[in-house]
Amino acid sequence: MKVIIAEKPSVAREIAKVFGATAKKDGYMEGKGYTFTWAFGHLLQLAPPQEYGFYGWNVQNLPMLPPKFKLSIRKVKTKDGIVEDPSVKKQLDTIKTLFDEATEIIVATDAGREGELIFRYIYYYLKCKKPFKRLWISSQTDEAIKEGFRNLKPGTDYDTLFNSAHCRSQSDWLVGMNATQALSISSGSRAVLSLGRVQTPTLAMICSRYLENKNFVPQLYYQVSIQVDKDGQVFRAISADSFKTKEEAQAVVDKVEDVPSGFPNGGHILSVEAKPRKEPPPLLHDLSSLQQEANKRKGFTADQTLGLLQTLYENKLVTYPRTGSRYIGDDVFATVPTLIDKFKEHPEFGKQATFLTGTKLNKRSVNAKKVTDHHAILPTGETPHQLSNDLQAVYDLVAARMLEAFHQECIKEITKITVQSGAIFTASGTVISSAGWRAVLNEPDEEKKDEENASLPKVQQDERLPIPEKSLLEKQTKPKPLYNEASLLKALETAGKEIEDEELRYAMKDSGLGTPATRASIIETLIKRDYIIREKKNLVPTQTGLGVYYVVKDQKIAQAELTGNWEKRLEEIRSGASVNEFQQEIKTYTRNITQELLLAGRNLMAKSKEGVNTPQIVAQKTA
DNA sequence: GCAAGGTC
């Protein structure tokens, strides 16, 4: 009997369906001489410190460098403390029984580093010795699955991929566990002060933005505004220059030839530029972009959105949610018209669904090469029944984005008028001439500047128009806003884009900090540690968070570059470079950072009070 | 008590 093991039940079901196997058993499916079983993500993890004899949190144990890492069953928190997850244990037993009976094992975990690790940890934990083959597909359509099975690879082809995955896992353990204990011990606080390759740079981003924002000194500046009258239709124009002093601006005001000063037609139209701008539809959603949109529109946290999506996924209403791709392949595209058809009766955007059924679909989101493990999030076409308000809201965001993504371009008419009257003034306005995809949610353009006119009257070059009013504007420069969940998610995705070292930047270009599946939990971790709090929609550091930030901010562990560096080395390992060399470097780094933190933590509480102009506005944890 | 990674 051949055993196929997938990363998760949904994939095992898809594959079983292609084979025509339908018999459902406990923890697997069966039919046509095959069994199809699954994991639930990582079933196994690197064993915690005590399993190597490092008991308690003790300086004597540091740095903890296990000679050989062990694996242990994933744990779960219950009222009796932390125990091995019973459902995981049971599934491992099922897998063991199937592997024991297997004549051949086919690995169908996701085609990537972590997918390889998920399988290998199971395989080695169960001490299985049977050879295995690898299914390597990037789309789960029937055709892709069939093609993948015609092209199974020897399992050993992916040994170096496993090496790189295992290195990633060990390195995160070594650096994270040791740095966390070192800082927690040396700070003398009873709380856990955790550090890690991803969470610490994330904390640093939040803290540094917070300090920049709070310490920002606004600069005053001045502009001049005039009203221009075209046959009773008045629009506003602003001086092209801005001025540091009120006097300079007032001098410009004085020169304006307005009606009250005795000039009936003091505004000279120097130029009128009108050009259409085409705005392509947005791409389909991946997890991160959906979390950002749900945060902006509905105020959901990243974690809430992920939870709601998971429920929709388990109810077969949306496709796999933890995807990092905003594209679909041609095979999935072929099903889109049927999907759109299902939304014709939708109260909010049924009209646009109907419109789309009779038009050519935009293919901007169709690109098989940009589909990685999973494609963009789509509704499945199943009819939802009695969703809660929150579930419905997320479901509607998915559905609406599908309609937008395949809709037509939005065409805007952008007009810029230049007026001379003592000085140069400009007025700009935007008019949507064809809504296209913007008709789906039918909402105003969020990026409209306050100075912009909704629409401008038709004026001609060289016209002379009256200026009924002029005024002096006092303005302030503004700081960068605090991070909220949406802007932080975006920043995590693009982290590393500004790294100077070209190789490191390249190594991080497709990853950023963390992964789509983990970013929500990173934010939750920082909150659990009392490093940050939610203040309205913003993410704001606490005294503790700032204290940790001051201790580590100039260290490697607080920089996105660390991930860039690891990614570069891990990729080299995947293509065959020595594992040992990187492991030695990590050990050395672990020793160093542990030593530094054992010393640095002593100053932590004192340091947390430096650096802010007005310390009292630093957020306090509310009981 | 601790990392980051995956998922129900």
Side-chain angles (χ1 to χ4, degrees), chain A residues 6-12 27 38-51 54-58 61-64 69 71 74-77 81-82 85-88 90-91 109-110 112-122 164-185 189-203 287 306-307 309-315 320-324 373-374 492 511 513-522 524-526 528-529 557 562-563 566-567 570 586 590 593-594 597:
Chain A
E7 182 155 324
K8 44 191 167 267
S10 63
V11 174
W38 52 78
F40 312 111
H42 278 296
L43 301 183
L44 298 155
Q45 57 190 63
L46 296 181
Q50 60 269 26
E51 295 199 27
F54 305 123
Y55 298 109
W57 289 40
N58 194 331
N61 288 335
L62 301 185
M64 303 175 287
F69 274 97
L71 295 172
R74 185 213 295 169
K75 311 290 192 294
V76 66
K77 256 189 188 153
I82 296 172
D85 187 329
S87 68
V88 167
K90 187 174 169 216
Q91 190 63 14
T109 48
D110 290 357
R113 198 163 72 196
E114 292 304 320
E116 191 64 27
L117 195 64
I118 285 169
F119 166 71
R120 297 277 184 137
Y121 275 180
I122 294 169
S164 82
H166 194 31
C167 268
R168 197 280 306 147
S169 177
Q170 294 174 33
S171 306
D172 276 324
W173 191 103
L174 287 169
V175 172
M177 295 289 190
N178 282 294
T180 297
Q181 287 200 15
L183 184 65
S184 303
I185 292 170
S189 92
R190 269 159 311 187
V192 173
L193 299 178
S194 64
L195 297 174
R197 171 180 57 87
V198 177
Q199 64 171 265
T200 305
T202 307
L203 174 65
L287 175 61
L306 178 54
L309 269 175
Q310 175 69 18
T311 304
L312 292 171
Y313 169 64
E314 284 166 18
N315 287 300
Y320 179 77
R322 290 176 216 82
T323 175
D373 287 0
H374 306 278
L492 289 176
S511 60
L513 269 178
T515 69
T518 59
R519 283 180 194 132
S521 71
I522 297 282
E524 297 304 316
T525 298
L526 294 177
K528 201 166 91 190
R529 300 271 178 267
I557 198 170
L562 183 64
T563 293
W566 287 19
E567 286 299 335
L570 293 170
I586 292 294
T590 301
I593 189 169
T594 305
L597 289 170

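The sequence lines fix the lettering, A, B, ..., with proteins before strands; numbering per chain opens at 1. What's counted below: heavy atoms across the whole structure, side chains too, no hydrogens, waters or symmetry copies.
One interatomic measurement links the two molecules: CZ of A:Arg197 to C1' of B:dA3, which rounds to 9 Å at whole-angstrom precision. Going from atom CG of A:Leu46 over to atom P of B:dA3 covers 13 Å, rounded to whole Å. The separation between A:Leu117 atom CG and B:dA4 atom P is 16 Å, rounded to whole Å. The distance from atom CD1 of A:Ile557 to atom C1' of B:dA4 is 12 Å, rounded to the nearest whole Å. Atom P of nucleotide B:dA4 and atom CD1 of A:Ile522 are separated by 5 Å, given to the nearest angstrom. Rounded to an integer number of Å, the gap from NE2 of A:His374 to P of B:dT7 is 6 Å. Regarding A:Trp57, its CH2 atom lies at a distance of 8 Å from the P atom of B:dA3, rounded to whole Å. Nucleotide B:dG1 holds its C1' atom 14 Å from the CG atom of A:Asn58, rounded to whole Å.
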> Given the rule in the side-chain hydrogen bond (donor to acceptor under 3.5 Å, both in side chains) test, do A:Ser511 and A:Glu567 qualify, once you have shown the distances and angles that lead to the verdict?
Replying inline: CA-CA 9 Å; A:Ser511 60; A:Glu567 286 299 335; 4.9 Å; no
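For B:dC2, neither phosphate oxygen OP1 nor OP2 lies less than 4.0 angstrom from any side-chain nitrogen or oxygen of A:Gln181. For A:Gln45, no side-chain nitrogen or oxygen approaches OP1 or OP2 of B:dG5 to under 4.0 Å. Phosphate proximity of B:dC8 to A:Ser87: absent, as no side-chain N or O sits under 4.0 Å from OP1 or OP2. Distances shown here put a side-chain N or O of A:Thr518 below 4.0 Å from the OP1 or OP2 atom of B:dG5. OP1 or OP2 of B:dT7 lies within a sub-4.0 Å distance of a side-chain N or O belonging to A:Arg322. Distances shorter than 4.0 Å separate some side-chain N or O of A:Arg529 from OP1 or OP2 on B:dC2.
Applying the side-chain hydrogen bond (donor to acceptor under 3.5 Å, both in side chains) criterion to A:Gln310, with sequence neighbours excluded, gives A:Glu314, A:Arg322. Scanning for ring pair (Phe, Tyr, Trp, His ring centres under 6.0 Å) contacts around A:His166 gives A:Tyr121, A:Phe162, with sequence neighbours left out.
Atom OG1 of A:Thr515 sits about 10.5 Å away from atom CG of A:Leu492, to the nearest 0.5 Å.
Within the 4.0 angstrom heavy-atom criterion, only backbone atoms of the sugar-phosphate kind lie near A:Gly514; the bases stay farther away. In this structure, A:Val198 reaches the sugar-phosphate backbone alone: every heavy-atom distance under 4.0 Å involves primed, P, OP1 or OP2 atoms, never a base. A:Phe119 comes within 4.0 angstrom of no nucleic acid atom, judged by non-hydrogen atoms across all strands. Within the 4.0 angstrom heavy-atom criterion, no nucleotide atom of any strand lies near A:Arg519. Using a 4.0 Å heavy-atom distance criterion, A:Pro9 is classed as a sugar-phosphate-only contact. Counting any heavy atom pair closer than 4.0 Å across all strands shown, A:Asn178 reaches no nucleic acid atom. Across all strands shown, A:Leu195 has heavy atoms under 4.0 Å from sugar-phosphate atoms exclusively, and none from any base. Using a 4.0 Å heavy-atom distance criterion, A:Arg113 is classed as making no nucleic acid contact.
When each of A:Leu43 and A:Pro48 is assigned the nucleotide of DNA chain B with its nearest heavy atom, A:Pro48 is the one assigned upstream, toward the 5' end.
Set against B:dT7, B:dC2, B:dA3, the side chain of A:Lys528 has B:dC2 as its closest nucleotide.
Checking side-chain atoms of A:Trp566 against main-chain N and O of A:Cys167 turns up no donor-acceptor pair under 3.5 Å.
For the pair A:Glu524 and A:Lys528, the salt-bridge criterion is not met [side-chain N within less than 4.0 Å of a carboxylate O].
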